[in-house]
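A short write-up of the structure that comes next.
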Amino acid sequence: MHREGTPVGGTDGIGDTDSPEAVHGTAAPDGAPDTARGRRPVAAALMLGMGLAAIDGTIVATAVPQIVGDLGGFSVFSWLFSGYLLAVTVTLPVYGKLSDTFGRKPVLIAGIVLFLAGSLLCAAAWNMAALIAFRVVQGLGGGALQGTVQTIAADLYPLRERPKIQAKLSTVWATSAVAGPAVGGLLAAYADWRWIFLINLPVGAVALWLVARHLHEPARPRPVTRPRVDWAGALAVFATGALLLTALVQGGVAWPWLSAPSLGLLGATAALGALTVLIERRAADPVIPGWVWRRRTIASVNLALGAMGLLMVAPTVFLPTYAQSVLGLGPIAAGFVLSVMTLSWPVSAALSDRVYNRIGFRRTAVIGMSGALLVLLCFPLLPYPGAAWQPALLMLLLGATLGLFQLPLIVGVQSTVGWTERGTTTASVLFCRQVGQSLGAALFGAVANGVLASRLADAPVSGLPGDLDAVSHALENPSELSAATDYLRRAVDTAVDHVFTGAAAAAALALLVLVLLAPRRFPVLKEHESAPPAPQD
């Protein structure tokens, strides 16, 4: 096992080595199909699995009225999203460790089966409580899909080819996430909301067949002792993450931040977190090993992508509100303003290898996040009310900069670990990004509502709505607000400007992490060193 900061087998840039092949290799890793044609069915399965996990995070959004009208439970419908997010996030570290211990294929197959079972149960739900419970089951499978798909992609493709598959996965993720609300709305309007979950079955069945038929992992060495699963640690990680995310998702929404439920959940999270650390330190083979945070490369990438998750809340959550409430666009046009980011992100990611092969992973990521910082700082400078092309242009530029930031870090950190550590490493990166998004939603939601409340205190009329969601709904019928309409639009504009300023601060934090904590050159392993260990007789 190498120590962080000591190059093993080369550096992270082609231009820094005498022989690029010595670091990057040209053949596929051991056990992977050795031709592009042999990898295509598996790559197709990975993209189908990624699409399933991504679209189910957003597809329910526009079908909520139909679901609530059929099942009731309006007061708790937000858990349709929160429950899925919780289950996906808290299971990522567990699945990462299991894939390193038992192999990727059984974990991915189990995840697909669990996801499809959850989808079928959701379609058969008889009330809101049952639907929420089955969404959690879906999320348990979705966690396996997200982490294991990214890990298998790194296993199948050598470093030189990895940006292509990662760019394809990024395209599928972005397209599915943005298309989800539209697909959900169409199915709910012209078919039945239960088809939102039933359409997963044929798609997932194809992915399952492709994985079972075409994914062939190398023979694993026979362990001297039977592998131990740290179930106590897994349960502790799950419980800690669930409490933390529940506090972040529901705080300021279901109850005030300084109320007993929020303080109780945060206190219980701290206590369980301390217990988790104690359990993991004593475990023979912990779910979250200490080396994840002791190695500079992994720790810095985790923190940097956590900051990226934080800043991503600004465009994905608040930009549609800005487009509809301030610019007066309809839902489809507002979605387009955001979706242009999905056009530039995959292109930038696919071309990022031409940059990091010359200057290295860290420098490429620094350039990308520096650009993102400038774009985010430009948003508050947009004129009021402005034109739709202005934020759309900023989103196009933001996608290009973030593609240059995220992909080099994921590819780089995966290339610093061997096969037996890659699942855990990938899962830790995705886990930190998800936690960053949850923290960002809570933090920026509080910022937006705080700014809005201060602006509404001086409103020209009384009886106006008091939070961002209520104001947005009120502005859908501006004729009912008369003289207060422009005032409310300006208040929303100011609130969203503050959110983007906060996102710029998160971008600055990511830059500081890269500059101060990340090693100048990632200690990339040679392909034969990162492949699975040879089986023993």
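We count residues from 1, following the sequence as given. Being a predicted model, the structure only gives us computed values, none of them experimental.
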State, with a plain yes or no, whether a side-chain heavy atom of [X] is found less than 4.5 Å away from one of [Y].
{"X": "Ile298", "Y": "Trp293", "value": "no"}
{"X": "Phe405", "Y": "Leu514", "value": "yes"}
{"X": "Thr425", "Y": "Val292", "value": "no"}
{"X": "Met369", "Y": "Thr401", "value": "no"}
{"X": "Val499", "Y": "Val313", "value": "no"}
{"X": "Leu511", "Y": "Ser370", "value": "yes"}
{"X": "Leu169", "Y": "Leu46", "value": "yes"}
{"X": "Leu86", "Y": "Val136", "value": "no"}

Please report the closest heavy-atom contact between [X] and [Y], naming both atoms and the distance.
{"X": "Val88", "Y": "Thr91", "answer": "O-OG1, 3.2 Å"}
{"X": "Val435", "Y": "Thr89", "answer": "CG2-CG2, 4.1 Å"}
{"X": "Ala268", "Y": "Leu243", "answer": "CB-CD1, 3.8 Å"}
{"X": "Met395", "Y": "Pro315", "answer": "SD-CB, 3.7 Å"}
{"X": "Pro93", "Y": "Val90", "answer": "CD-O, 3.6 Å"}
{"X": "Leu373", "Y": "Ala504", "answer": "CD1-O, 3.2 Å"}

Can you tell me how far apart [atom1] ([X]) and [atom2] ([Y]) are? Round to the nearest 0.5 Å.
{"X": "Phe115", "Y": "Gln138", "atom1": "CZ", "atom2": "CD", "answer": "4.5 Å"}
{"X": "Thr494", "Y": "Leu452", "atom1": "OG1", "atom2": "CG", "answer": "9.0 Å"}
{"X": "Leu407", "Y": "Phe361", "atom1": "CG", "atom2": "CZ", "answer": "9.0 Å"}
{"X": "Leu244", "Y": "Leu266", "atom1": "CG", "atom2": "CG", "answer": "7.5 Å"}
{"X": "Leu398", "Y": "Leu374", "atom1": "CG", "atom2": "CG", "answer": "11.0 Å"}
{"X": "Tyr384", "Y": "Leu327", "atom1": "OH", "atom2": "CG", "answer": "9.5 Å"}

> Would Arg295 and Glu421 pass as an ion pair if we require N to O under 4.0 Å?
Replying inline: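 Judged by the 4.0 Å cut-off on N to carboxylate O distance, Arg295 and Glu421 do form a salt bridge.
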If we ignore hydrogens and angles and just use 3.5 Å, is the side chain of [X] paired with the main-chain N or O of [Y] as donor and acceptor?
{"X": "Arg362", "Y": "Ala518", "result": "yes"}
{"X": "Ser99", "Y": "Arg104", "result": "no"}
{"X": "Gln390", "Y": "Ala387", "result": "yes"}
{"X": "Ser262", "Y": "Leu258", "result": "no"}
{"X": "Tyr95", "Y": "Gly142", "result": "no"}
{"X": "Arg489", "Y": "Ser325", "result": "yes"}
{"X": "Ser348", "Y": "Ala400", "result": "yes"}
{"X": "Asn357", "Y": "Asp353", "result": "yes"}
{"X": "Glu280", "Y": "Ile288", "result": "yes"}

>> Using side-chain contact (heavy atoms from CB on, under 4.5 Å), reason through Leu310 and Gln437 one step at a time and then give a plain yes or no.
In response: CA-CA 5 Å; Leu310 191 71; Gln437 288 178 330; over 6 Å; no
> Would you find more than 12 non-hydrogen atoms of other residues, nucleotides or ligands less than 6.0 Å from Leu516 atom CG?
Replying inline: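 Result for CG/Leu516: enclosed.
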>> Here's one to test your reading of the geometry: is the NZ or CZ of Arg294 within 45 degrees of the ring axis of Trp291 and under 6.0 Å from its centre?
In response: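 No - Arg294 does not lie over the ring of Trp291 by the 6.0 Å and 45° rule.
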> What about Phe318 and Phe500, are their ring centers closer than 6.0 Å?
Replying inline: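 Between Phe500 and Phe318, which both carry aromatic rings, the centre distance is not below 6.0 Å.
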>> Before you tell me yes or no, could you show the steps for Ile165 and Leu156 under side-chain contact (heavy atoms from CB on, under 4.5 Å), namely the whole-Å CA-CA distance, both residues' side-chain angles and the distance that decides it to 0.1 Å?
In response: CA-CA 9 Å; Ile165 183 62; Leu156 286 180; over 6 Å; no
Between [Y] and [X], is there a side-chain donor-acceptor contact under 3.5 Å, judged purely by atom types and distance?
{"X": "Arg433", "Y": "Gln406", "answer": "yes"}
{"X": "Thr426", "Y": "Gln414", "answer": "yes"}
{"X": "Thr364", "Y": "Arg358", "answer": "no"}

>> Between Leu382 and Tyr322, is the side-chain contact (heavy atoms from CB on, under 4.5 Å) condition met? List the steps.
In response: CA-CA 12 Å; Leu382 293 179; Tyr322 171 87; 4.2 Å; yes
> Please walk me through it: do Thr269 and Leu272 pass side-chain contact (heavy atoms from CB on, under 4.5 Å)?
Replying inline: CA-CA 5 Å; Thr269 298; Leu272 266 179; 6.0 Å; no
> Only one of Thr151, Thr101, Asp100 clears side-chain hydrogen bond (donor to acceptor under 3.5 Å, both in side chains) with Thr424; which?
Replying inline: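 When side-chain hydrogen bond (donor to acceptor under 3.5 Å, both in side chains) is applied between Thr424 and each of Thr151, Thr101, Asp100, only Asp100 qualifies.
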